[in-house]
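Input: a single structure, listed below in structure tokens.
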Amino acid sequence: MRLYDTAVRAVRDFVPRVPGQVGIYLCGLTVQAGPHIGHLRSAVNYDVLRRWFLHRGYAVTFVRNITDIDDKVLAKATAAGRPYWSIAYANEILLAADYRRLGVLPPTYEPRATGHVPEMHALIAELIAAGHAYPAADGSGDVYFDVRSFPAYGDLSGQRPEDMRGTPDGPARAKRDAHDFALWKGVKPDEPGDAYWTSPWGPGRPGWHIECSAMARRYLGAEFDIHGGGLDLTFPHHENEIAQSRAAGLPFARYWVHHALLNLGEAKMSKSLGNVVDLEYVASLGVRSAELRYYLAAPHYRSRIDYSDDALREAAVAYQRLENFVHRAAERVGPGAPGELPADFVAAMEDDLNTSAALAVVHESLRTGNSALAAADDATLRAALAAVRGMLDILGVDPLAAPWHDGSTGGDLRGVVDALVALALEQRAQARSRKDWAAADAVRDQLKQAGVVVEDTAHGPRWTVGEQ
RNA sequence: GGUGGGGUGGCCGAGAGGCGAGGCAACGGCCUGCAAAGCCGUGAACGCGGGUUCAAAUCCCGUCCCCACCUCCA
């Protein structure tokens, strides 16, 4: 397996810290609002990475955090007159629902920042003791990381502090250097009164970055394999995480994986710009969540996606072709199970998770399968179906997998409808044998009006209910 | 100002010195009573200008445009 490592700006071989195991920490969301599809892209990308490791036989520990306290959450709480935690939690529920709808596997653990204040305190104390952090001298209760005490600061993002613009309007207050960042933020009078914890440095709340260093350490250890997140987190968030952890003597992440962002209208999708597409909007286009997942997983994870309704609809059509084959093949030879993966698919995935090249292999197998279907070559068909399902399963879009086909497909009425349709089809078959095309087509048209679509195949008529 | 990544056929999207990924759309054919689905085939691309090379989408130089980050960000 080869992965692009931001720290060295090159694709390199993945060597796990412990053979057969991989620990991944992914920066999840700040739950200040519901998720948009850019956030979901992040989840899908790492879900595919995770599934690939699982497929390769690794024991995967996958930790994705929830940042449930920050300036925006507090501001919203104040504006709404509600506790900050009720806002964070409401958004966390929305997020979980969207993950589920997209078939994202639940993480091994999903820690919340506010649940790990003691771990943060411990780390901050270590940093102060080691001379890498200092309580502000202005009585604010803030604790800052001393950037100049850590020479490697800037290595991840390739920047030198002296070249940076620096904080234009930030409260320099008691910072020793404009680039120092807060580990702990002292109470401010204009913020909610229930958003604080006591600490050796006075009442306050966590700075943004410290939570990830503290939680990664707790659940993955001092050193772990992969740290992931969006490209926009490279600086300052990940740079600061490295600084905090390494300065405290923790080796921290061995590989840094960053996915590209999803843009809408020439700018990255973000709440503050208001250019946001969420699952509700996608549903309003008639695009299902499996189709959205296909859209998000098809381009390489390091390529920017310029969102458009048309591109999404096009992806939906492409996915329907795959789905169509899987359903038809399963009707013919049974669903079987996801099977052996073609070598080209494996090679593509091993090469920095090239899902786009991998999908080309899926389509090749699809063609083989469709030909076998037409030729009633069941052995070839079975093999093609297993291969296609196996590959789609890695991408998390196997049409026969649980997330996509449960719910509302008729339930108890399926048998009843089956019998009724069979009756109608028998009439149509008789009409066709008389070459009474008008009568045969009338049956088909009436069924269609009732939502039943009839197609003739090499193995006789096939019917499906609505949907496509 | 600093740092990183881009511009590929009508559209989406891989590739990173030589065999034209793949998908969507279009066109032609096959299959079909018709349809649907499918199969076979066709055309078409590397922002622009130079250069290196037997050979450049890929390397070099220049140039234009775009995106992300430089302390809210997936």
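Each chain gets a letter, A, B and so on, in the order the sequences are listed, and its residues count up from 1. These values consider heavy atoms only, across backbone and side chains, with no hydrogens, waters or symmetry-generated copies.
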Sugar-phosphate only, base, or nothing, as touched by A:T457 at under 4.0 Å among non-hydrogen atoms: nothing
Who pairs with B:G49 - Watson-Crick or G-U, where each distance is under 3.5 Å: B:C61
Below 4.0 Å: OP1/OP2 of B:A74 and any side-chain N or O of A:H39: yes
Touch class at under 4.0 angstrom, heavy-atom based, for A:S270 against every strand present: nothing
Sugar-phosphate, base or nothing in reach of A:R332, heavy atoms under 4.0 Å: nothing
Nucleic acid footprint by protein, nucleotides 8-18 of chain B - heavy-atom cut-off 4.0 Å, B for base, S for sugar-phosphate alone: ---BSSSS---
Sugar-phosphate, base or nothing in reach of A:G228, heavy atoms under 4.0 Å: nothing
Spacing of A:N91 atom CG relative to B:A74 atom P, expressed in whole Å: 12 Å
Given B:C72, B:A74, B:C69, the nucleotide with the shortest approach to the side chain of A:H36: B:A74
Polar atom pairs (N or O), protein with nucleotides 29-32 of chain B, under 3.5 Å:
none

Pairwise 5' ranking along RNA chain B for A:L29 and A:Y294, keeping only the more 5' one: A:Y294
Sugar-phosphate only, base, or nothing, as touched by A:S371 at under 4.0 Å among non-hydrogen atoms: sugar-phosphate
Output one line per pair: protein atom, nucleotide atom from nucleotides 41-43 of chain B, and distance, for all N/O pairs under 3.5 Å.
none

Pair of N/O donor and acceptor under 3.5 Å linking B:A35 base with A:R444 side chain: yes
Distance-only donor-acceptor test, A:D441 side-chain atoms vs B:G33 base atoms, 3.5 Å: yes
Phosphate OP1/OP2 of B:C24 contacted by A:R321 side-chain N/O (<4.0 Å): yes
Whichever of A:H237 and A:A374 has its nearest RNA chain B nucleotide further upstream toward 5': A:A374
Identified pairing partner of B:C11, criterion: Watson-Crick or G-U wobble below 3.5 Å: B:G23
Sugar-phosphate only, base, or nothing, as touched by A:H258 at under 4.0 Å among non-hydrogen atoms: nothing
Side-chain (A:K175) to main-chain (A:D180) donor-acceptor, under 3.5 angstrom: yes
side-chain contact (heavy atoms from CB on, under 4.5 Å) partner of A:N91, the single match among A:T30, A:I66, A:V31, A:L29: A:V31
